[in-house]
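Below: one structure, written as structure tokens.
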Amino acid sequence: MSTLKDYGSFETAWCPGCGNFSILKAVKQALVQCNLAPHDVLFVSGIGQAAKAPHYLHANVFNGLHGRSLPVATGAKLANPHLTVIAESGDGCNYGEGGNHFLAAIRRNIDITLLVHDNRVYGLTKGQASPTSPEGFVSKAQPDGNPSLPFNPVAVATVMQAGFVARGFAGEMAHLTDLICQAIAHKGFSLVDILQPCVSFNRLNTFSWYQEHCRKLENSYDPTNQRGALDVAMMDENRLPIGVIYRNKRPSFKEKAEGSSSERAFGLQPFNQALFEEVLAHYY
Amino acid sequence: MSTLKDYGSFETAWCPGCGNFSILKAVKQALVQCNLAPHDVLFVSGIGQAAKAPHYLHANVFNGLHGRSLPVATGAKLANPHLTVIAESGDGCNYGEGGNHFLAAIRRNIDITLLVHDNRVYGLTKGQASPTSPEGFVSKAQPDGNPSLPFNPVAVATVMQAGFVARGFAGEMAHLTDLICQAIAHKGFSLVDILQPCVSFNRLNTFSWYQEHCRKLENSYDPTNQRGALDVAMMDENRLPIGVIYRNKRPSFKEKAEGSSSERAFGLQPFNQALFEEVLAHYY
Amino acid sequence: MVKRNSSKTICIGGEAGQGLVTIGQLLCKALVRSGYHIVITQSYQSRIRGGHNDFFIRTSVDPVAAPSKTTDLLIALDQASISEHGHLMNRDGLVVLDAILDPETHHALKVPFKDLAGDGFLNIAALTIAGALLGLNESLIQKLISDTFHKKDKAILEENLLVFEKALKWVREAAPAFEGLPPASPKGPRRLMLNGNEAIALGAIAAGVRSGFFYPMTPATSIMLTFIKHARTMGIVFEQAEDEIAAVNMAIGASFCGAPSLVATSGGGFALMAEGISLAAMTETPLVIAVAQRPGPATGLPTRTEQGDLLFVLHSGHGEFPRAIFAPGDVEECFSLTQKAFEISEKSQGPAFVLTDQFLADSYRAVLPFDRIDTKPLQSVAHAPDTKTPYQRYALTPDGLSPRLYPGMSHHLVIADSDEHTEDGHITEDLSIRKKMVEKRLKKTALLLSERIPPSFTGDSHPHVLFICWGSAKGAVEEAAERLRTPSLRTATLHFSQVWPLAPDDFLPVIQSAGVVVSVEGNATGQFAGILQRETGLRLEKQITRYDGLPLTPSYILSAFEKIDEGH
Amino acid sequence: MVKRNSSKTICIGGEAGQGLVTIGQLLCKALVRSGYHIVITQSYQSRIRGGHNDFFIRTSVDPVAAPSKTTDLLIALDQASISEHGHLMNRDGLVVLDAILDPETHHALKVPFKDLAGDGFLNIAALTIAGALLGLNESLIQKLISDTFHKKDKAILEENLLVFEKALKWVREAAPAFEGLPPASPKGPRRLMLNGNEAIALGAIAAGVRSGFFYPMTPATSIMLTFIKHARTMGIVFEQAEDEIAAVNMAIGASFCGAPSLVATSGGGFALMAEGISLAAMTETPLVIAVAQRPGPATGLPTRTEQGDLLFVLHSGHGEFPRAIFAPGDVEECFSLTQKAFEISEKSQGPAFVLTDQFLADSYRAVLPFDRIDTKPLQSVAHAPDTKTPYQRYALTPDGLSPRLYPGMSHHLVIADSDEHTEDGHITEDLSIRKKMVEKRLKKTALLLSERIPPSFTGDSHPHVLFICWGSAKGAVEEAAERLRTPSLRTATLHFSQVWPLAPDDFLPVIQSAGVVVSVEGNATGQFAGILQRETGLRLEKQITRYDGLPLTPSYILSAFEKIDEGH
Ligand SMILES: Cc1ncc(C[n+]2csc(CCOP(=O)(O)OP(=O)(O)O)c2C)c(N)n1
Ligand SMILES: Cc1ncc(C[n+]2csc(CCOP(=O)(O)OP(=O)(O)O)c2C)c(N)n1
Ligand code: SF4
Ligand code: SF4
Ligand SMILES: [Mg+2]
Ligand SMILES: [Mg+2]
């Protein structure tokens, strides 16, 4: 049995009042709820305010490059299928710099969990529009307002048949904890897009704004129906559904590629000379 | 009045029987139909078999890097809004290496047309699975079959509210020509995903396979209804709808960012010393 | 051995979010308007609130070009500022701090900020007090406050002025012992207050830039934010790209169509642009990238300074092609060399780089209004109605430069290719053409060399000690050389503001005429010394390096030199 | 001056898609099994069908290591082969071609391929005829056909054998004048037939690689296809990534978790990996990248060869960190140096590179079965239950190497960071730690140097002429030196199969003992000569370069040398 204490507590570099704090708490609680020991979990993050999160709990950590947490997580999971691999980063990291990996990870369906702290802004670089910033969002880099439509990660993931697609809110800790638990438990790629207030740079989507606009999905909602899920995922900002939006039972990468991605891959077996001779025999 | 002859004819490096030939023809016909003169058109392509296409007609051409046709096209269009800018490349180029630019171009909605020769394979590098290859597609790089779900570009573009989303088939030349014309005419980002047989590396999706599976959308079909469009975009392989799948009237980047992306940007005005002094005045 | 220096240094320290940069900037402006010279060193952490940041202003009546940290006036917004910077205080120094903080053992002025400034005007109170202590003209400060807030709500302006008056009154009464600045005379032309990044953006604008693309990255971001701030006025397009790969490719697309383009980034983002640089070279498209260095590898220290990416910038991109790299030594050079980079990039139809770093990026200085060099219009070959038909984008010419047209501007078709290509721009596998095209591209080195900026030599001829440096190290090294000089010790500095390509004849005689030659670089491996050795065969064995994230300072150099000198 | 060479060269020419590579490979195998040595040069276009490709086999009883193009036997599958290669024919040469083609003025054997081979068996007929003309043992050819097709449909095998017999009978009767190969004896151990890319994949496997990631790119793709072919047998994971950025980051993730990883790419793809390389260095994660060079810049000539990316590979990635670069000179070295690259990458916990090029990538050779160097298991420090708690991934040690654990393998937590970090792997902005960590990383250079492979010297001591070369140029340069040698002209070659880091003591005495020193490189700017000058101060002014997309050959070198020699 792991406990919250196992996951420790650290000083952070976040602004007072930031939504990151409750996300961190929810993550820790979820790990305990899933009964995972710190050394069985690997967090992979990118660069940004969100990406610092794994430094603030006890676990294995690979804090890599901006935008590249998913490929590192993918390589790690292939190398060691026993690890619970969680990629955790910001909206800029995952949908901006890392957009291509987001698409590929969904298609590939490797058993990793992606937690996106979605504050709709580039926090660490001081407030430029991110892919999820609202159209018209004004910043020093977008003085005439953000000209692009915001990216809707849950809708795109749903249309691409991602295995598990959820949206959470930093202000709904227990609910969020449960979503993260379910995401970790899901076999295959799972996305939790977490609505996160940024008190320093996002004056539009504040705690109270989210509190007004978020609605939990009803118990009766069926996340296995893709058509219905799309309707929900595409709902406009006035009614931002939170919960498990879509899920399916697509086989994960591992199940499909057993031949090549089995546990044999894991790097600790001794070298097998006989097999190597078999390989060489192709070339006589 | 431009004519087909203005667009010339060239020797190609394609395999006999390749679907690229009819796409090239349709493109030329569309340019004539839109009454565009070669020097008013700029083709931007990436690298691959498809990406060679612009070398085989008379027009301005920038044949850039694998995966990067959209950003080059974006820069070009911003610099010279008078040019008709067409990005043309393969499925690997646009949905693989260039996936992130595909997402951004849709959101940005700059007035460029993207023609994707979608042969569901990496042709030029000899037959590896591409993002649109079917699950289970076998190649030397995927001996156990492609483990990933194929990318559905028209569904993703539709869910992201791209301005103009169409699917064509190289075997339906007149229909395809018309789609390309409409795409060029659309103000904003437009996608034409073109189903293209590759006789050398794709033995599954052959000319006759497509002939059997493609269905033209009925005249009664309403591409302005996003929900309906999604249903159509997501139809399974047994009924591959071709035609204009979705369109809307989102303002294009230029309309929204008039202040910064107006024609003043275009590089031929003399330097305005008075305006420069105005800028310097900020720093006294 | 080290001469006493006549400047004064003010340090403002506090947490991110407390407004220390605003105080610093306002005080800088007051100093510049009063006629003083300034050199700013900003040090901040990779976070938005909290932590410890500082803003050092070194100021002097005489020109000053190097940072210094020994502090005369410390404005401490938090207790950490005292523990962090207390030891840097000069003997006659004064600590200004809130009444509730503890000055420890330092000579201090405890200010009742709460009373004076209420809840939102600490910066005005601090500015006023600092200005008064330094002896700046009161009405000048008042005007500065008016200028700064006149665009806001009138009520806000008035509140600010009220705080100014209260603080002024208070500090007059408190009258602590502190020797202000000697008087300066604000005569001569008005001067601008600019940091290196602002100067790069303005240099690009002066050069006729028409487009800019970027993905945010510290410490380069403010180049593009400055650029964007003036884009509407100047009729320039810009776009924040989805990633750095997109940014560089957008710039190439825009430049290809006749809109000269600026890209700004730092090491990690630059790494993603390497393929695009090679593309610019192959397609012969002008491209200017400003690289603001920070300590690597990888994410490294995102908000600190280093000169660690020189070799990477010099060799980035696959295949072989010429390039020009400028490394400004001060804010003026940020302006003039960016302009030059555009000029040479357009002329040579290829990539040029402006290599700066966090120290210079954030370092405000007082500079004379720029003489915009009236570059030939960048687009000189744009219209060529008489170009022979069919137009050949890559026509082979004796100097390797082909006439450049823009697509859509004439009936000519412009065809560019990233593959090896024929003269008309089409993909080819003809290997004899390949050979000619390689030679064509490499010929441009001659142009780059003919337009090069030779290194600047300052100090005594036939020096006993010659320092060699490049880029932002300039001011610190020159001051160190000056301070080292004695009647019997001749010293000099050779500063490279263009680090590639090099013409050894420009500097070999100087180096050979020197006694001890010492290279000084803000990196660990002496990258520029290696380049010099490759180009000249000269071995620069004595090296002063710094790689802890802080800028080179005269004192750092002098104490490192003492160690070298002992060994010798 | 040039000595006559005793080898024979066979050229198979035709369009892409006509099966010339199959004929070439089968003929190679027949030659290798018969006991001959071979060197293959493949030349193909960036297209799938059509155009003109060729496959040159140089073969000899004695060891041979360099390509040659003067042809003895030309198997022309199309008319273009005759116009392209006819001029390369030796005086006694023979052109074998289809009866419907025109042999022009050449001594020819017109083959009724249609009659002999029907519609799908041209390759077997061509193989049989070539084998017979060269004097290869008939039953050996027959067995080769059986071995090749036994896995297919039995009917297909029989059809093939029927064609073999028909063709054999026909060629016996035709009996053209052609001098076959002198007999070789297939004694000694059986040899493998491998090209450079296959050898790299096998070298990685021998080293204990456990994962591989890539994005397809000519001429590197076949490294990964070979790797994948054997992945199931060896229990290795692999994945085709969405782009090169993903590939390198996946490799880093896998390696971090204990599965040593191979990445293969070419220049443009490598450019996209630069940031990842810096990440591997900062996080101290082993990473091996094989870079198969092709001519740049940008897309360049995607299917041709060049040695143009050396400086880029040496300096790629922002920030400062050590790396090792191996440059195999032949197929054996592709195997052994890839193994070595893995070993050094694991030991030094950082990036290592195998730098090859299209020529070597596609060049088949006959090689002795490899002695797998029994490397200490790569994962030596994986289990460390006695590691002190808390485990410190970046513990400071005298040699800069910290004990490495894998996440999930013990109760210890493994924390890696791309930011500057403390010993326990957490992000820090403590500048004194920064300094120590820079020094820690740079210390690994000592390990790399202590394990370096010095250049190999072949030829006469105190040579009048010394050639210096690296990588795939080896065979051609060594043969050129040999052919240049006369009783009064001492010649030698210094070949670098590791190009970084360098220890000048290994080779300075040799260079200084030589008369004329000439560097030979497959690029336009003499990149390696520049590195040598940087490291030693020695100026290598005489350079032979090639940059038309074709590999260096002995004749090319000798005729370039004649020009240099005249000038001298
Ligand atoms: C390649 C690269 N480009 C840019 C950066 C600069 N950068 C650091 S964090 C960041 C944005 C972070 O935004 P997000 O991922 O949304 O995280 P947040 O700070 O908002 O939590 C950027 C652009 C970088 N570190 N690396
Ligand atoms: C950065 C980079 N990576 C890889 C390649 C190699 N490459 C050239 S074409 C190609 C695939 C092309 O596939 P697609 O875009 O579908 O075009 P097709 O050939 O099928 O028409 C690849 C991977 C490259 N040129 N550049
Ligand atoms: S900048 Fe925003 S996201 Fe970052 S710590 Fe501060 S409040 Fe949180
Ligand atoms: S490989 Fe396929 S796509 Fe390419 S030219 Fe041949 S048939 Fe067409
Ligand atoms: Mg964010
Ligand atoms: Mg394709």
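Remember, predicted model here, so these are calculated numbers, not experimental data. Here is how names work: the chains are called A, B, and so on, in the same order as the sequence lines, proteins then strands, and each is numbered from 1.
- For a residue to count as touching a neighbouring chain, one of its non-hydrogen atoms must lie under 4.5 Å from one of that chain's; by this rule Asn272(B) touches chain C with the backbone only.
- Neither the backbone nor the side chain of Ser261(C) comes within contact range of chain B; no heavy atom of the residue lies under 4.5 Å from a heavy atom of that chain.
- The candidate with the highest count of non-hydrogen atom pairs below 4.5 Å against chain C, out of Gly67(B), Ala37(B), Ala76(B), Pro38(B), is Ala76(B).
- Both the backbone and the side chain of Arg190(C) have a heavy atom closer than 4.5 Å to some heavy atom of chain B.
- The part of Arg33(C) that comes within reach of chain B is its side chain, from C-beta onward, which places non-hydrogen atoms under 4.5 angstrom from that chain.
- Contact detail for Ala157(B) and Phe102(B): the closest heavy-atom pair is CB-CZ, 4.4 Å.
- The nearest pair of heavy atoms linking Val121(B) to Gln128(B) is CG2-O, 3.3 Å.
- For Phe335(C), the part lying near chain B is the side chain, with the backbone staying farther off; criterion is any non-hydrogen pair under 4.5 Å.
- Chain C forms more heavy-atom pairs under 4.5 Å with one residue of Leu65(B), Asn100(B), Asp40(B) than with any other, namely Leu65(B).
- When each of Ala104(B), Ala59(B), Gly64(B), Gly98(B) is scored by its heavy-atom pairs under 4.5 Å with chain C, the top score falls to Ala59(B).
- The part of Leu83(B) that comes within reach of chain C is its side chain, from C-beta onward, which places non-hydrogen atoms under 4.5 angstrom from that chain.
- In the displayed structure, Lys229(C) atom NZ is contacted under 6.0 Å by more than 12 heavy atoms of other residues, nucleotides or ligands.
- For Leu42(B), the part lying under 4.5 angstrom from a heavy atom of chain C is the side chain only.
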Please walk me through it: do Arg108(B) and Glu239(C) pass salt bridge (Lys or Arg N to Asp or Glu O under 4.0 Å)?
CA-CA 10 Å; Arg108(B) 198 174 273 130; Glu239(C) 175 63 346; 2.6 Å; yes

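- Annotation: maximal heavy-atom pairing with chain B below 4.5 Å, among Ile252(C), Ile427(C), Val32(C), occurs at Ile427(C).
- Nearest heavy-atom pair, Met234(C) versus Phe276(B), reported as atom, atom and distance to 0.1 Å: SD-N, 3.9 Å.
- Here the closest non-hydrogen pair linking Val199(B) and Pro16(B) is CG2-O, 3.6 Å.
- Side chains of His426(C) and His55(B): a donor on one and an acceptor on the other come within 3.5 Å.
- In this structure, no portion of Ala251(C) lies under 4.5 Å from any heavy atom of chain B.
- Residue Tyr95(B) forms a side chain to side chain contact (heavy atoms under 4.5 Å, CB included) with just one option from Ser130(B), Pro153(B), Ser89(B), and that option is Pro153(B).
- If you measure heavy-atom distances from Phe10(B) to chain C, the contacts under 4.5 Å come from the side chain alone.
- Only the side chain of Gln273(B) comes within contact range of chain C, with at least one heavy atom under 4.5 Å from a heavy atom of that chain.
- The residue among His282(B), Glu277(B), Lys52(B), Lys77(B) with the most heavy atom pairs within less than 4.5 Å of chain C is His282(B).
- Looking at Leu103(B), there are no atoms closer than 4.5 Å to chain C (heavy atoms on both sides), in backbone or side chain.
- Glu429(C) does not touch chain B: none of its heavy atoms, backbone or side chain, sits under 4.5 Å away.
- When only modelled atom types and interatomic distance are considered, Ser252(B) and Asn109(B) share no side-chain donor-acceptor pair under 3.5 Å.
- Listed here is the closest heavy atom pair of Lys28(B) and Tyr7(B): CD-CB, 3.8 Å.
- Below 30°, between 30° and 60°, or above 60°: for Phe21(B) and Trp14(B) the angle between ring planes is above 60°, a perpendicular geometry.
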